[in-house]
There are 2 protein chains.
Amino acid sequence: MLVDARALADALSELIRVVQFRDRDRACCYDISVSQCYALKGVVDAGALTINDLAAHLYLDKSTASRVANALVDKALLVRQADEADGRVVRLTATAAGTAVCTRIESDLAGEYAELLGDFEPEVRAAITRVVTRLGRSFAARVDASGGSCCVVG
Amino acid sequence: MLVDARALADALSELIRVVQFRDRDRACCYDISVSQCYALKGVVDAGALTINDLAAHLYLDKSTASRVANALVDKALLVRQADEADGRVVRLTATAAGTAVCTRIESDLAGEYAELLGDFEPEVRAAITRVVTRLGRSFAARVDASGGSCCVVG
DNA sequence: GCTAGTAGTTGCACATGACAACTATGGCTG
DNA sequence: CAGCCATAGTTGTCATGTGCAACTACTAGC
């Protein structure tokens, strides 16, 4: 099983490098950075998010999440609203422009992915998404469980 | 099929965020950054790499690759050697320390991944690596094919 | 041997992201 | 209800990573 594990480690790191590269490269197309894109999509999908929710969703520090949100507000893709119940909380919601940008990016991306899925046999296609989803969940569970830093001696 | 494509896009972006986070978090453990780790592994696996080869392997600009190599040389994990045949070319090779660090990281990582693979049914395990590998290749082929930037009008 | 091309380095600007210190608000306890 | 602690978010600061453009050094072809 360690052989499988090593192969998976190699394959995943390669996949991540190439996807990151593609994302970096494509970011310019929409005048929006990769993190901003993830944040925008997070807010659009959720309907509304607080800064803390956003930070958790993106696996970023809340200060970084706050700045990412600022960037999107400056671009008029998001709005900040004060929460009625709790004065500390900021509710981020997407503007019409934000939703539009998000929709456009998703469509373009879906097109690319659809083409890419064409490389695979039909019976494999459905498995791919299942596998990737479950992999993501497994990682997330481990990350959440281990809490903060990995190598703190405590 | 567009539905599959959207689901894959979502799953993959989630996976990438969480893996990136884990990598950021774990980077400190070995006094080596994520890019440095990839570079070190690339050199160790290949036996020797030029700066250009390294840049291609990491999907980075050659200037960045050069600096990543510098950092590893400063840490005495790599050495730069002049190519005998071509005076312009730098040959990067790993030192004993570099190989040792790489081996240790790979072992630790393989352990983590082995544990993670335990979440999956045996018949799925083998499929995971195959799927991730093929996904990576499909992306790489597309990135190589499209060459430079995505949205240049020229 | 001059010119064009290639490998790599360096200067520079900018993006990303963490940590810590801070403000402001909410909630709990005596 | 006053004081204290916890929580949400912001801001300052710093380190790191990255690309682009300009540069040097070398090679190769005419």
Side-chain angles (χ1 to χ4, degrees), chain A residues 16-17 20-28 30-39 48-75 78 80-92 147-152, chain B residues 16-18 20-28 30-39 48-75 78 80-92 147-152 154:
Chain A
I16 286 186
R17 277 203 302 277
Q20 274 187 278
F21 174 75
R22 185 212 55 178
D23 286 348
R24 267 203 306 270
D25 186 55
R26 211 196 38 216
C28 60
Y30 307 97
D31 275 322
I32 200 179
S33 80
V34 178
S35 282
Q36 285 167 23
C37 182
Y38 286 154
L49 282 180
T50 69
I51 298 288
N52 266 336
D53 289 344
L54 183 62
H57 180 64
L58 301 181
Y59 301 96
L60 292 176
D61 190 82
K62 61 180 180 170
S63 64
T64 306
S66 174
R67 282 186 249 254
V68 170
N70 269 344
L72 290 169
V73 170
D74 288 347
K75 292 176 183 177
L78 292 185
R80 312 177 89 106
Q81 293 172 305
D83 188 280
E84 294 170 4
D86 188 334
R88 298 167 298 180
V89 172
V90 170
R91 280 169 51 89
L92 298 166
S149 301
C150 52
C151 49
V152 219
Chain B
I16 286 188
R17 277 202 302 276
V18 66
Q20 275 188 280
F21 174 75
R22 184 212 54 178
D23 286 348
R24 267 202 306 271
D25 186 55
R26 211 195 38 213
C28 59
Y30 306 100
D31 275 323
I32 201 179
S33 80
V34 178
S35 282
Q36 286 166 24
C37 182
Y38 286 155
L49 282 181
T50 68
I51 299 288
N52 266 335
D53 289 344
L54 183 63
H57 181 63
L58 302 181
Y59 300 95
L60 293 175
D61 190 82
K62 61 181 181 169
S63 65
T64 307
S66 173
R67 281 186 253 253
V68 170
N70 269 345
L72 290 169
V73 170
D74 289 347
K75 292 176 184 177
L78 292 185
R80 311 177 90 107
Q81 293 173 306
D83 187 280
E84 295 170 3
D86 188 335
R88 297 166 299 181
V89 172
V90 171
R91 280 167 54 87
L92 298 166
S149 302
C150 52
C151 50
V152 225

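Here is how names work: the chains are called A, B, and so on, in the same order as the sequence lines, proteins then strands, and each is numbered from 1.
- Put simply, the side chain of Arg88(B) and the base of dT27(D) share no donor and acceptor less than 3.5 Å apart.
- Annotation: of the two residues near DNA chain C, Ala85(A) and Tyr59(A), the 5′-most nearest-nucleotide partner is Tyr59(A).
- Checking Glu84(B) against Lys62(A), the closest nucleotide of DNA chain D that is more toward the 5' end is the one next to Lys62(A).
- Phosphate proximity of dG19(D) to Thr64(B): present, with a side-chain N or O under 4.0 Å from OP1 or OP2.
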Intermediate values then yes/no, side-chain hydrogen bond (donor to acceptor under 3.5 Å, both in side chains), Thr50(A) and Asp53(A)
CA-CA 5 Å; Thr50(A) 69; Asp53(A) 289 344; 3.3 Å; yes
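- For Asn70(B) and dT9(C), the shortest distance from a side-chain N or O to OP1 or OP2 is not below 4.0 Å.
- Following rounding to the nearest Å, Arg80(A) (CZ) and dT10(D) (C1') show an atom-to-atom distance of 8 Å.
- Below the 3.5 angstrom threshold, one finds a donor paired with an acceptor across the side chain of Arg67(A) and the base of dG12(D).
- Side-chain nitrogen and oxygen atoms of Ser66(B) include at least one within less than 4.0 Å of the OP1 or OP2 phosphate oxygen of dT9(C).
- Arg17(A) has its CZ atom 11 Å from the P atom of dT18(D), to the nearest Å.
- When the C1' atom of dG17(D) is taken as reference, atom OH of Tyr38(B) falls 14 Å away, rounded to whole Å.
- You'll find the side chain of Arg67(A) stays beyond 4.5 Å of the side chain of Leu60(A), heavy atoms only.
- At least one side-chain nitrogen or oxygen of Asn52(A) sits closer than 4.0 Å to the OP1 or OP2 atom of dG9(D).
- With rounding to whole Å, Asp25(B) atom CG is found 16 Å from dT16(D) atom P.
- A straight line from CZ of Phe21(B) to P of dA18(C) spans 7 Å, rounded to a whole angstrom.
- Remark: the backbone N or O of Ala69(B) is not paired with any side-chain donor or acceptor of Arg80(B) at under 3.5 angstrom.
- Atom NZ of residue Lys75(B) and atom OG of residue Ser33(B) lie 6.0 Å apart, to the nearest 0.5 angstrom.
- Counting heavy-atom neighbours within 6.0 Å of Arg91(A) CZ, excluding the residue itself, gives a total of 12 or less.
- One can place CD1 of Ile51(B) at 15 Å from C1' of dT24(D), the figure rounded to the nearest angstrom.
- If you take CG of Leu92(B) and P of dT9(C), they are 8 Å apart, rounded to a whole angstrom.
- Of the residues near DNA chain C, Val89(B) and Asp61(A), the one whose nearest nucleotide (by heavy atom distance) lies more toward the 5' end is Val89(B).
- If you check dT10(C), dA24(C), dG17(C) against the side chain of Ser63(B), the one that comes closest is dT10(C).
- Atom CG of Leu54(A) is separated from atom P of dT10(D) by 11 Å (rounded to the nearest Å).
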